[in-house]
Every structure is written in structure tokens, then in C-alpha cells.
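Data block below; observations after.
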2 protein chains.
Amino acid sequence: MEDEVDRLVAAWRRERPDLDVEPLEVLSRVSRLARHLDRARRLAFAEHQLEPWEFDVLTALRRAGNPYQLSPGQLLTQTLVTSGTMTNRIDRLAKKGLVERLPDPSDRRGVLVRLTEEGRDRADQALAGLLDQERAILGELSSAQRGELAGLLRQLTAPFDNIPG
Amino acid sequence: MEDEVDRLVAAWRRERPDLDVEPLEVLSRVSRLARHLDRARRLAFAEHQLEPWEFDVLTALRRAGNPYQLSPGQLLTQTLVTSGTMTNRIDRLAKKGLVERLPDPSDRRGVLVRLTEEGRDRADQALAGLLDQERAILGELSSAQRGELAGLLRQLTAPFDNIPG
DNA sequence: GCCACATACCTCGATGTCAAGAGACTTGAT
DNA sequence: ATCAAGTCTCTTGACATCGAGGTATGTGGC
């Protein structure tokens, strides 16, 4: 089955026959697939009245384990947004009652963000919905193929994740 | 070699041992890799004084072939942005002298966007730079592995690209 | 103890995107 | 010919993000 990247690569081969555009076969597909996944995620979360950014923050706290709390700084490094953005996000999540701000007992400059009970439930439900959606997308592949794909992708991501970039 | 997704999956297995989080092994890596690629692209384009969105528009016109012109509507479908965004982008590219607006001779409502000579050169240079960068990222993989990866990814993207979404 | 420097979070202004809709023109039916 | 409906581009207002800088607090050398 042909996809958009096949057409993209064919167009470049016609217009720039002098160039080797083979890298696009892999990396353009990664970018485009990620874009499709963003849309799918947005749809899955909408069923739970959550925006993608809300899911990101809530699940970071959820993964931290009991008592489900992190500093804004820790949330920054996990979600890769700037501090202004995180302040804004925490404000809105607090207004919706999904997280609460607590003073950090060990550092009076600091704040801790803690998941409320409702926040934890919403995060858990949204994660289950996301996994259902993702399983449907991966339905195309056999279990062996998924393993192979995960392994190949890990080879590409590991350098970024380990040699800090 | 371990990556961030290995850590993410391990955290979920600890916190939610009841859930099958295996889909994340593939799809979280796709999303994260796409994010890294965006950063790398931004760096590669900066050497040619281009923003990623500028590259997207210029190369869509470049791939159209001589005389390197498309309607704003055609650009919308290729770049997946809304019309307000595209109007804004064309304005800024025109101000920089990389594209020009022409009246559509066959439809007096319409406009055609045409690449200037400088626009074409900049697009060609930026593409070459991007491909160099991408080859470096793919250096991890053998030629056979790249082919395998491209094939597996095509299976995932084809449904999105063919059953319109 | 004091002071310079680092850290943590927040505020503010600028920017880019989206969604909705207005305006201009074309098309097709009558 | 005329008119309604459709198409295409641009405008507008709302909003989330970023980057730079501000305020308050902690830390370590002297």
C-alpha cells in the first residue's frame, strides 16, 4: 500500500534527481505518523474532557506514585515546556480541581503540585482510552513486527535520550 | 541501550500493573523521536536562515515543479494548516522576497503563489542540509534496517493517508 | 554574620496558530 | 438573465506558548 511519503519521495526524485532522498523514507514517515497520532490522541482524550497538555501533566504526577506530587521544576523537565507555560497549566488544572498547590515543607521558595483524587481517576481513565486507541492503530502489525519496530526506534531515540540534547 | 521510553514504560508497569502498556513501546517512541527531529530540523534550517514553516511552504512549491506555483488552497492541503495561518505565512514569505502572489488567470477570486528565484535556491540548499542531518541520525542503522523500518512505518501511515483522516 | 550568587516560581509582552466568518467571485439550475 | 449555493481567500478575536526578566528564598565562601 502506498502512502503520502511514497508520493513525496517520488516528487523529489523527479525534481532533484541529483539528490539522495532516501533518509526521507524513514524520517518523514516518523514525523507524519507523529502528527496523525497527535490528532488521534486529541480525540481519545476529548472523550474524557481532557486536553493533551492536561494528560501530560496529570500522568507525570500519576507515574510519580503515591503521594502523586512533584515540584513545578520536575514537571518542567518531564514535559519539556518552559516555566511560564507550566505556571499557566498548573493554574488551570488547579481551577478544575485536578491538582492542588502545596507549600514545599523543606524549601520555602518551593511549591509542590499534588494530584487530587479526581485528577488521579481522570488520568487513569484517559490512559486506558489512549491505550485502546493505540492498540487499534497497531492492529496492522503482528506482535513480532511490533517488537522489531520498537527495537529499531529505540536505536534512533537512545542517542537523543542519553547524550543530552 | 536504554531510552526514556523504557523508563516510562517501567514506571507505568509499576503504577498500573493491571494495564497492558505495550503499545507505548512503539508509539511513544514515534512521538518522542518526532520531537527530537523537529529540534534537529530547526537547527539545520537555521544555517540557511529559514524557519521550519518556511521550509514547508517553499518545498511544497519546489516539488510542484516548473513554474513552481500553487494556489493557497493547494498549500493548505499539503501543509495541514488552516487558511488564516497560510495567509499569514504567504505574507511573510512575500515580504522576504521568497514568494510572490499572482492573480489566477483562470479564476478571478483566486491567487497563485509562486516561488521566486531566491526562494527556489534557498529551498534547494535547505533540503540538502536537512538530508545531511537526517543521514547522520540514521547512521545508527544499516541499510537493510532502514528499509525494514521504512516498510513497517508505511504499514502504520498508509491507513491515515488513504482512508482520509 | 555578611554578601554575592544560585535557585524556584511567577509575571508580562510578543508571537503563531486556530476557528469562525466575511467578502468576492463562479457555477449551475431555472 | 437571474439567483441560490458553493468555492476560495483573507480578516478577526481568542488562546496557548515562549523568552526575558522580577521577586523571594536558599547556599557557600570569607
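Only a predicted model underlies this, so the values are computations on that prediction, with no experimental measurement involved. We name chains A, B, ... by the order of the sequence lines, and we start the count at 1 in each one.
The separation between B:W53 atom CH2 and C:dG16 atom P is 8 Å, rounded to whole Å. Separating the CG atom of B:D56 from the C1' atom of C:dT17 is a distance of 14 Å, rounded to the nearest angstrom. One can place CD of B:E51 at 11 Å from C1' of C:dT15, the figure rounded to the nearest angstrom. At whole-Å resolution of the value, CG in A:N88 and C1' in C:dT15 are 15 Å apart. Going from atom CG of A:L112 over to atom C1' of D:dT25 covers 15 Å, rounded to whole Å. The nearest whole Å value for the distance from the CG atom in A:D38 to the P atom in C:dT17 is 15 Å. Distance B:L80 CG to C:dA19 P: 12 Å, rounded to the nearest Å. Between the CZ atom of B:R89 and the C1' atom of C:dT17 there is a distance of 9 Å, given to the nearest Å.
Take B:D6 and apply the salt bridge (charged side-chain N to carboxylate O under 4.0 Å, His left out) test, not counting sequence neighbours, and it matches A:R154, B:R29. A:D20 pairs by the salt bridge (charged side-chain N to carboxylate O under 4.0 Å, His left out) definition with B:R135, not counting sequence neighbours. Not counting sequence neighbours, the partners of B:R16 by the salt bridge (charged side-chain N to carboxylate O under 4.0 Å, His left out) test are A:D124, B:D18. Qualifying ring pair (Phe, Tyr, Trp, His ring centres under 6.0 Å) partners for A:Y68, counting only residues two or more places apart in sequence or in other chains: none. Not a single salt bridge (charged side-chain N to carboxylate O under 4.0 Å, His left out) links B:E134 to another residue, sequence neighbours left out. Among residues two or more places apart in sequence or in another chain, the side chain to side chain contact (heavy atoms under 4.5 Å, CB included) test is passed with A:A64 by A:L70. Residues passing the side chain to side chain contact (heavy atoms under 4.5 Å, CB included) test with B:S28, sequence neighbours excluded: B:V5, B:L8, B:L24.
Annotation: proximity of residues 65-76 of chain B to DNA chain D (heavy atom, distance under 4.0 Å) is found for B:S71, B:P72, B:G73, numbered in ascending order. Only A:R101, listed by number, bring a heavy atom of residues 90-102 of chain A to less than 4.0 angstrom from any atom of DNA chain C. A heavy atom closer than 4.0 Å to some atom of DNA chain D occurs in A:D107, A:R108, A:R109, these being the qualifying members of residues 103-111 of chain A.
The residues A:R120 and A:E117 are annotated as not salt-bridged, no charged nitrogen and carboxylate oxygen being separated by less than 4.0 angstrom. Salt-bridge annotation for B:R146 and A:E22: present, with a side-chain N of the basic residue lying under 4.0 Å from a carboxylate O of the acidic one.
For the residue pair B:D56 / B:T79, no side-chain donor-acceptor distance below 3.5 Å is found, with atom types taken as modelled. A side-chain donor-acceptor contact under 3.5 Å links B:Q78 and B:R63.
Summarising the local packing, CZ of A:R42 is surrounded by 12 or fewer heavy atoms from other residues, nucleotides or ligands at distances under 6.0 Å.
The shortest non-hydrogen separation linking B:E15 to A:G65 is OE2-CA, 3.1 Å.
For the pair A:R92 and A:W53, the cation-pi criterion (under 6.0 Å, within 45° of the ring axis) is fulfilled.
For the salt bridge (charged side-chain N to carboxylate O under 4.0 Å, His left out) test with A:E54, the passing option among A:R41, A:K96, A:K95, A:R89 is A:K96; the others fail.
Among the nucleotides D:dC18, C:dC18, D:dT11, the one closest to any side-chain atom of B:T87 is D:dT11.
For A:T82 and D:dC18, the shortest distance from a side-chain N or O to OP1 or OP2 is below 4.0 Å.
Across its full length, the helix from C:dG1-D:dC30 to C:dT30-D:dA1 shows an angle of 10° between the axes of its 5 terminal pairs at either end, rounded to 10 degrees.
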Where do N or O atoms of nucleotides 20-22 of chain D meet protein N or O atoms at under 3.5 Å, pair by pair?
none

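Between the side chain of A:T59 and the main chain of A:R62, no donor-acceptor pair closer than 3.5 Å is present.
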